[in-house]
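Counting from 1, the numbers follow the sequence of the chain as shown.
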Amino acid sequence: MTEEIRPGLQDVVVARTEVSTLDLERERIVVRGYDLIELARTVRFPDVAHLLLRGHLPSSEEQAAFCRELADLAGLPDGVVDVLRRLPRDTHPMDAQRTALSLLAGYEDPQALEDPSVEAAERALMRILARAPALTAASYRALRGEPVLEPNPGLGFAGSFLWMIQGRPREPEIVAVFDRILTCYSEHELAASTFTARVAASTLADPYAAVVAAAAALKGPLHGGANEAAARMFAQIRMAGGERAAEAYVLERLARRERIMGFGHRVYMHRPDPRAVLLREDLEAFAARDPDAAEMVRCYDVVVETMAREKGLHPNADLPIGLLLHLIGIPVELMTPIFLCARIAGIAAHVLEQRADNRLIRPRAAYEGPSGLAPPEGFTPSAC
Ligand code: COA
């Protein structure tokens, strides 16, 4: 057994994939051959989801059928909403969403859930993807005792998602930004959550189990939770005085050796994240329309300049997305659940790939504990 250990599995290649890669030389995220940033500029999130789940961009007939399928499957069973309403009020929506995802498995045909085929998994994953927005909006609204809104497919996937959260149709330019955010979040190779999903899928656990496992891994601030943390940071900077307080805010935290969430990345680390570069353009559009947003975007730039100068670190996607979602009016606790909704598309592709050529993922650990111990003589087993 090889004893070389790479903490955090840094640069360890653990799978072959046709889903995506981070092409560092060309500073591109390649998804099934396409540049993710180009996709974000030119197509809609459901097209990217089709690309991920079905392997190719849809023809116009496939587009219509896929959107119809997403719309037909989008509603939630009443029982799920009932359970969400009974959760303690201060449950984090990320926990509520994960709970609701688990609940949804109970509404599947048990035989279909146990079916180990790729086709059965694809059907279940499509249902998870379609229902994720309603489930996410309901997780937030039901906890607050607010009415849970039905999907509104006429508004499109992103528009209906915003409608269910905010209870009003949003302006086309806002929906377009939200759609771009979903695409930017849709897939990113073996991020911790996706890897977790592949580990769960490799045990032949059902697709719900794989997505729930991924949701658990996504929650932490070193991964998906970073968008929420970034949004909270901008709110704090604003309270502290806005643009003129931004540099000091960062310097104080760096002096305490704290991390600034929304910066750094295991794979990019000292390189720009192409998604952050793209989404900075959307921040510009907000700044041009609204003086308050312009002030927040100036804070963003000061934080970015300070981190570049002090640590040589670039923003990752979570930094602009935390601010953009705030500017769209999304509650901060919903930011990571929204990330999951989009990433389900990529997770689905990886779960299907894992199933198609499965081998249980089971690494080894280098044992550093004692050995040869035995219970002391006369040790009595506990009574429970
Ligand atoms: N703020 C301040 N310093 C940071 C940092 C950040 N966001 N990210 C990395 N660093 C520093 C570390 O302190 C460390 O410096 P040191 O060598 O002087 O101690 C160095 O960069 C390497 O960090 P390390 O934690 O070993 O890198 P990693 O590959 O294990 O971590 C992340 C990657 C993403 C977990 C890390 O960059 C991070 O915590 N970022 C903030 C959370 C975030 O935005 N996550 C979303 C990622 S898409």
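In this structure, the ring-ring contact (aromatic ring centres under 6.0 Å, His included) partners of His50, at least two apart in sequence or on a different chain, are His56, Phe66. Every residue meeting the side chain to side chain contact (heavy atoms under 4.5 Å, CB included) condition with Arg289, not counting sequence neighbours, appears here in chain and number order: Glu173, Ile174, Ala285, Phe286. Legend: residues meeting ring-ring contact (aromatic ring centres under 6.0 Å, His included) with His265, ordered by chain and number and at least two apart, are His188, Tyr268. Partners of Tyr140 by ring-ring contact (aromatic ring centres under 6.0 Å, His included), not counting sequence neighbours: none found. Legend: residues meeting ring-ring contact (aromatic ring centres under 6.0 Å, His included) with Phe263, ordered by chain and number and at least two apart, are absent.
At least one donor-acceptor pair closer than 3.5 Å links the side chain of Arg355 to the backbone N or O of Pro116. Judged purely by atom type and a 3.5 angstrom limit, Gln97 uses its side chain to pair as donor or acceptor with the backbone of Pro337. Distance alone, capped at 3.5 Å, places no donor-acceptor pair between the Arg127 side chain and the Leu104 backbone. Side chain of Thr183 to backbone of Arg180: no donor-acceptor contact under 3.5 angstrom is found. When atom types are taken as modelled, the side chain of Glu62 and the backbone of Ser59 share a donor-acceptor pair closer than 3.5 angstrom. At least one donor-acceptor pair closer than 3.5 Å links the side chain of Tyr367 to the backbone N or O of Pro370. Judged purely by atom type and a 3.5 angstrom limit, Arg141 uses its side chain to pair as donor or acceptor with the backbone of Ile165. For the pair Ser20 (side chain) and Glu189 (backbone), a donor-acceptor distance under 3.5 Å is present. With hydrogens and angles ignored, the 3.5 Å screen pairs no side-chain donor or acceptor of Glu310 with any backbone N or O of Leu251. Remark: side-chain polar atoms of Arg32 are paired, donor with acceptor, to backbone N or O of Leu51 under 3.5 angstrom.
To the nearest 0.5 Å, atoms CG (Asp35) and CD (Glu27) are separated by 11.5 Å.
Other members of the cluster containing Val302 do not exist, because no ILVMFWY side chain is joined to it at under 4.5 Å.
Checking Leu155, Asn152, Asp179, Ile330 one by one against Leu162, the side-chain contact (heavy atoms from CB on, under 4.5 Å) holds for a single residue, Ile330. Checked options Val297, Leu278, Leu283; the residue passing with Pro320 is Leu283 (criterion: side-chain contact (heavy atoms from CB on, under 4.5 Å)).
No hydrogens or angles considered: nothing links the side chains of Thr21 and Asp23 as a donor-acceptor pair under 3.5 Å.
A pairwise comparison of heavy atoms in Val332 and Ala231 identifies CG2-CB, 3.8 Å as the closest pair.
One finds a salt bridge joining Glu247 and Arg309 here, because a Lys/Arg side-chain nitrogen approaches an Asp/Glu carboxylate oxygen to under 4.0 Å.
Hydrophobic clustering (ILVMFWY, side-chain heavy atoms < 4.5 Å, transitive): Tyr34 and Val277 are in distinct clusters.
The side-chain heavy atoms of Phe178 and Leu325, taken from C-beta on, include a pair separated by under 4.5 Å.
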